[in-house]
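Just below is one structure, and these are the notes that go with it.
Nothing here was measured: the structure is a model prediction, and the numbers come from that model.
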Amino acid sequence: MSKILSQPESSTLAVMDLSSIVELTDERLYELSQSNRELRFERTAEGELVIMSPTGGRTSHRNAQIIYFLSEWANRTGTGLVFDSSGGFRLPNGAVRSPDAAWVRLEQWQNLPEQQKEKFIPLCPDFVVELRSATDSLSELQSKMEEYVAGGARLGWLIDPQGRRVHVYRAGAQEAEVLEDPESLSGEAVLKGFVLRLPEIW
């Protein structure tokens with residue numbers, strides 16, 4: 001029998017343990033996602049199903065802006081591919097996550113077999129963004145960012161418009177750097193030449 005583990009006060013509708021009735025394989029999770037496109041699904045490292053509702057208009061617009069600026073840079077430089085929040089990544093710990101924005105180096109993408117490009121991508125992005133909505137739990141997003149870095153992400157931004165803060169995660173760093181009301185964010189050595197102006201996101 002399935003069990004709802006939690007119903008957080010956030011954009012996450014529920015976290016469910018389905019292990020007693022079915023193994024939540026990549027294939028089953030992918031089929032579930034294709035059959036319920038109005039929802040977003042993730043899988044935790046423990047195999048639990050995370051069900052998330054669509055975002056509100058303001059968050060959706062902010063995320064579209066981030067994707068636009070990141071894609072413009074990526075297309076201009078030809079260094080890698082950009083993915084939006086509908087893309088799923090299977091991390092080394094077994095979790096399947098869908099960051100709000102992600103970038104993967106071109107070499108990483110090209111090294112994947114063609115059939116793997118059609119389903120959940122079996123790697124951790126080099127760069128990830130999580131954009132906090134008004135209903136998102138900050139601690140849940142911080143945990144996800146730590147999971148990305150542990151899985152191989154080299155740089156990550158947790159953008160919090162409510163507090164006008166950005167938590168910057170870097171590979172090898174002991175903890176995130178918190179920037180208070182920054183004017184812009186630099187892609188540093190990971191995204192050379194990329195700068196995101198925050199006034200256009202706030």
Please report the shortest heavy-atom distance between [X] and [Y], naming the atom on each side.
X: Thr59; Y: Ser133; result: OG1-CB, 3.3 Å
X: Asn63; Y: Leu131; result: N-CD2, 3.6 Å
X: Pro182; Y: Val166; result: CG-CG2, 3.9 Å
X: Ala153; Y: Ala171; result: O-CB, 3.7 Å
X: Ala101; Y: Ile67; result: CB-CD1, 3.6 Å
X: Met145; Y: Val128; result: CE-CG2, 3.9 Å

Step through the shown structure and confirm whether more than 12 heavy atoms of other residues, nucleotides or ligands are within 6.0 Å of CD on Gln174.
no
Under the criterion ring pair (Phe, Tyr, Trp, His ring centres under 6.0 Å), which of Trp73, Tyr169, Trp157, Trp103 is the partner of Phe127?
Trp157
Considering only NZ, NE, NH1 and NH2 on the basic side and carboxylate oxygens on the acidic side, decide whether [X] and [Y] come within less than 4.0 Å.
X: Asp26; Y: Lys119; result: no
X: Arg40; Y: Asp100; result: yes
X: Lys117; Y: Glu114; result: yes
X: Glu72; Y: Arg76; result: yes

Phe89-Leu191 co-clustered via ILVMFWY side chain contacts under 4.5 Å:
no
Salt bridge (Lys or Arg N to Asp or Glu O under 4.0 Å) with Arg170: which of Glu175, Glu177, Glu146?
Glu177
